[in-house]
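The next block holds one structure in the form of C-alpha cells; read it before the comments.
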There are 2 protein chains.
Amino acid sequence: MALSSEAIVDAGIRILDEYGLADVSMRRVADALGVQAGALYYHVPNKQSLLAAVSDEILRSVEVPSGANVAEWLTAWAGGLRRALLAHRDAAELVASAHALGLGAVDPCEGGRAILEARGVPEPDATMAALLHFVLGHVNEEQTTSQMVALGVIEESAHRAGEDHFAWGVTLLVRGVQTQAA
Amino acid sequence: MALSSEAIVDAGIRILDEYGLADVSMRRVADALGVQAGALYYHVPNKQSLLAAVSDEILRSVEVPSGANVAEWLTAWAGGLRRALLAHRDAAELVASAHALGLGAVDPCEGGRAILEARGVPEPDATMAALLHFVLGHVNEEQTTSQMVALGVIEESAHRAGEDHFAWGVTLLVRGVQTQAA
DNA sequence: ACCTGAACACCGTTCAAGT
DNA sequence: ACCTGAACACCGTTCAAGT
C-alpha cells in the first residue's frame, strides 16, 4: 500500500490517542507506517501542517447542534466541541495551537457566526472567538489534570470539578450574549 | 559570579523576549550564562520547572486593580493581565501551559476569587477560571498573529481587531457575572 | 559544592542516491 | 514518482570525573 497524506494523518491520530501529543514525531509516525522519516516529506510539507491536518480531522467530528434559540444553540455547540476534544488525548492543546497559528482549514466557529448574524446578535466574530477560547482553555486544563490523575500525581477530587466549571463558564458567556448593553 | 536559580530564570526571560519560547532551551540558557548545559541541573530540577518559574515571574508583574464595583475590577484585572502578557514574547502560551500543568507557584486568580466571594458573587472559582482561560486564549492568538505580521505572512488588518475582540469577550463575561440566573 | 565533558536517546529537515 | 540512507544541526537529561 502506497503512502498518502491521509494515511499519515491517520497514523498521527493513532499515536496521539495512544501516547499523547509529545510523542507525535515525524519519526514515530514514519515508524508506525513502516517507512523512513524522510519519506513523509514527499506527502506532507512539514510537521506543523501534519498537526494542523490532525486538528482539522478532530474538528470535523464536532456535531452541529440543531438549536432552537441562540442560548441553547451556543450551549449545545460548546458541549459538542468539548466532547469532540475529550475524545482524543491532548486534543485541546493541539487544536488551540493549530488555531492560534492560523493553520487548519476547518473553522469551528463558522456555523455559530452565521447563526448569531442571522438572529441579529452583535459581534458574532468576537462572540464565537470568546466561546472558543474558553472551551479550548478549559478542556486543555481538563485533559492535563486528567493525565496527572492517571499518573497518580493529583487526587481525583480536582478532576470532578471540571464539568461543573465548564457549564458555569458557558453560562456566563451565554448570559452575556443575551443581555443588552447598559 | 556563581550560578543561581534566579540568574537562570533571568536568562530564560531574556531569551524568551529576544528569540521566543521555541528558543528557550537548556543549552541556549546555559550558553547565555557561559556555562555547560548540565550545570543548570544543579540549580533547577528540569526544563519544565524553569519555564514555570519564568511564568511566575511574568504573573508577578500583573498589577492588582483597586476596583470600585465587581464589574470594573474584573475588567481592569483582565486588561492588566493582558498587558503583562503582551510585555513578553509568547508569554500567553507559556503561562497557559504552565498553568494547565499545575506548575507555578503564583495563582493569578487569587485576588479575584477573594473579591468575588466578599461581594457574594456565586462560583468565584469557576468565574475566575473562565476569565483566565479567555484572556490566555485571546492573547495567545494575538501574540502568534502579531508574529505572523512581523514575518509578513499576514496583513496587519487582522491584528488591529485584536483589542476590540478582547474588550468584547471581557464584556460578555462581566455581563454574565452581573446577570441573575433565569 | 559546583561545574565540565561526554555520552545517551532522541528531535525536524534535507537530499543525493537508488528503484 | 516515491522511498532509503545518511547526514546536519539541534534537543533534555544523566553522570563520572575534575576542582
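Residue numbers begin at 1 in each chain, while the letters A, B, ... track the order of the sequences.
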*asked:* Could you tell me how far dA9(D) sits from dC10(C) if I compare only their P atoms? Round to whole Å.
replied: 22 Å

_Please verify the inter-ring angle class for Trp77(A) with Trp73(A); under 30° counts as parallel, over 60° as perpendicular, anything in between as tilted._
parallel

*Within 45° of the axis and under 6.0 Å from the centre of the six-membered ring of Tyr19(A), does NZ or CZ of Arg28(A) qualify?*
yes

*Listed by chain and number, what are the salt bridge (Lys or Arg N to Asp or Glu O under 4.0 Å) partners of Asp17(A), not counting sequence neighbours?*
none

_Pairwise side-chain contact, Met128(A) with Leu74(A), heavy-atom cut-off 4.5 Å (strictly under)_ = yes

*Beyond-backbone contact of Val29(B) with Val35(B), side-chain heavy atoms, under 4.5 angstrom*: no

*In residues 41-50 of chain A, which residues come under 4.0 Å of DNA chain C by heavy atom?*
Tyr41(A), Asn46(A), Lys47(A)

*Where along residues 12-22 of chain A does a heavy atom fall under 4.0 Å from DNA chain C?*
none

*Between Ala39(A) and Asp23(B), just flag the one whose closest nucleotide in DNA chain D comes earlier from the 5' side.*
Ala39(A)

*asked:* Show every side chain to side chain donor-acceptor pair (under 3.5 Å) that has at least one partner inside residues 121-132 of chain B, sequence neighbours left out.
replied: Trp168(A)-Thr127(B)

*Enumerate the residue pairs fulfilling side chain to side chain donor-acceptor pair (under 3.5 Å) with a member in residues 90-105 of chain B, sequence neighbours excluded, ordered by first and then second residue.*
Glu141(A)-His99(B)

*asked:* Which is more 5' along DNA chain C, the nucleotide nearest Ala37(B) or the one nearest Arg27(B)? Just name the residue.
replied: Ala37(B)

*With pairs defined as Watson-Crick or G-U wobble and both distances under 3.5 angstrom, please note down DNA chain C as a dot-bracket string, | for pairing with another strand.*
||.|||||...|||||.||

